[in-house]
Amino acid sequence: MGDQRPIGIFDSGVGGLTVLKEIRERLPLEPTIYVADLLHFPYGPRYQDEVRGFAIDIIRYLESREVKLVVIACNTATAAALNHARELFELPIIGVISPGAQAAVEATKNNRIGVISTEGTMRSQEYLHAIKEIDPMVGVYQKACPELVEIVEAGEADSPRAEGVLRDDLSDIVRLGADTLVLGCTHYPLLKPAIERLYPGTFALIDSATTTASKVERHLEHSRLRASESSPSHEVLVTAVPQRFDEIAANLFGEAIEAEEVHIWEPQKT
Ligand code: DGL
């Protein structure tokens, strides 16, 4: 008999769906609960304390739903909350930064890695530390690209607007000769087609969705937490009324996804 409890996964919006997709493909028997905190989107420009508070409340909610494992499918929230959350909860909690850093160091041939992320992730310097911890000789070039998050959440990842912003945002990293680019925000894997069109063959693109899903698999295996029944349930919850969310989710999964609203916080009295 396997462990039928769900895996809890969250992000500020559609970005973490890239992680959810990889987890569902790699672990097809695992039930999942995904929370998109659209009420507080975007996390990137906010203070770390504030993002940490949102993340802790969401993890507490997921704990009340009896998940067996939490994946913080958001770089900004991983940077702000992972260490603190591991001190607070007994639940196993996995973030997206160290799997991405590991994959980037393995991929680079010229020891130059570019990292694009939100301002919050960049300010935290978590990628720099995680990469240097693995290999101090690697050069790390970071760039905050907040507009790209808005573009993806608006469903415009594969558009001329996305290409224009990418060209500006990546120019320094291209000039510095990085051969590896970490998509250090879970919204960014949706920009892969546009990046590959603009810079064909320039970078090994590191998408932490893949590396995080394999970490989740290893953890479930090692802790004997794998589910075993077929047809697992998948819940997608949003903390505020979705605009383009359902449509972007449907495109990503190739099937209709109906997000339900969940109230994690009491409505503010005005
Ligand atoms: N997808 C998130 C990340 O990986 C956050 C984007 C945002 O809310 O600013 O950082």
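Side chains are part of it too, since the values below use all heavy atoms of this structure and drop only hydrogens, waters and symmetry mates. Counting starts at 1 for both ligands and their atoms, following the listed order. Computed from a predicted structure; not experimentally measured. Numbers here simply count residues along the sequence, with the first being 1.
Looking only at protein heavy atoms, the nearest one to atom 1 (N) of ligand 1 is His187 ND1, 2.7 Å. Among all protein heavy atoms, the one lying closest to atom 9 (O) of ligand 1 is Gly44 N, 2.8 Å. The closest protein non-hydrogen atom to atom 7 (C) of ligand 1 is Tyr43 N, 3.4 Å.
Thr108 and Asp179 form a side-chain donor-acceptor contact under 3.5 Å, judged by distance and modelled atom types alone.
For Ala154 against Arg244, the heavy-atom pair with the smallest separation is O-NH1, 2.6 Å. Here the shortest heavy-atom pairing between Val115 and Ile131 reads CG2-CD1, 4.2 Å.
Residue Thr76 touches ligand 1 through backbone and side chain together, judged by heavy-atom distances below 4.0 Å. Using a 4.0 Å cut-off between heavy atoms, Thr118 contacts ligand 1 through its side chain alone, with no backbone atom that close. In Thr186, the parts holding a heavy atom less than 4.0 Å from any atom of ligand 1 are both the side chain and the backbone.
By the 30° and 60° cut-offs, the orientation of the rings of His40 relative to Phe54 is parallel.
Judged by distance alone, with hydrogens and angles left aside, the side-chain atoms of Glu258 form no donor-acceptor pair with the main-chain N or O of Asp246 at under 3.5 Å. One N or O on the side chain of Thr239 and one on the backbone of Leu38 form a donor-acceptor pair closer than 3.5 Å. In this structure, the side chain of Thr76 does not engage the main chain of Gly120 through any donor-acceptor pair within 3.5 Å.
Remark: ligand 1 atoms within the under-4.0 Å shell around heavy atoms of Asn75 are 3 (C), 4 (O), 10 (O). Each of the following atoms of ligand 1 lies closer than 4.0 Å to a heavy atom of Phe41: 8 (O). In summary, the atoms of ligand 1 found under 4.0 Å from a heavy atom of Val149, numbered by their order in the structure, are 6 (C), 7 (C), 9 (O). Each of the atoms 1 (N), 2 (C), 5 (C) of ligand 1 lies under 4.0 Å from some heavy atom of Asp11. The Ser12 neighbourhood of ligand 1 comprises atoms 5 (C), 6 (C), 7 (C), 8 (O), with distances under 4.0 Å to a heavy atom of that residue.
In summary, of the residues considered (Leu69, Leu220, Asp3, Val216), a side chain to side chain contact (heavy atoms under 4.5 Å, CB included) with Glu30 occurs for Leu220 alone.
The shortest heavy-atom distance from Gly13 to ligand 1 is not under 4.0 Å.
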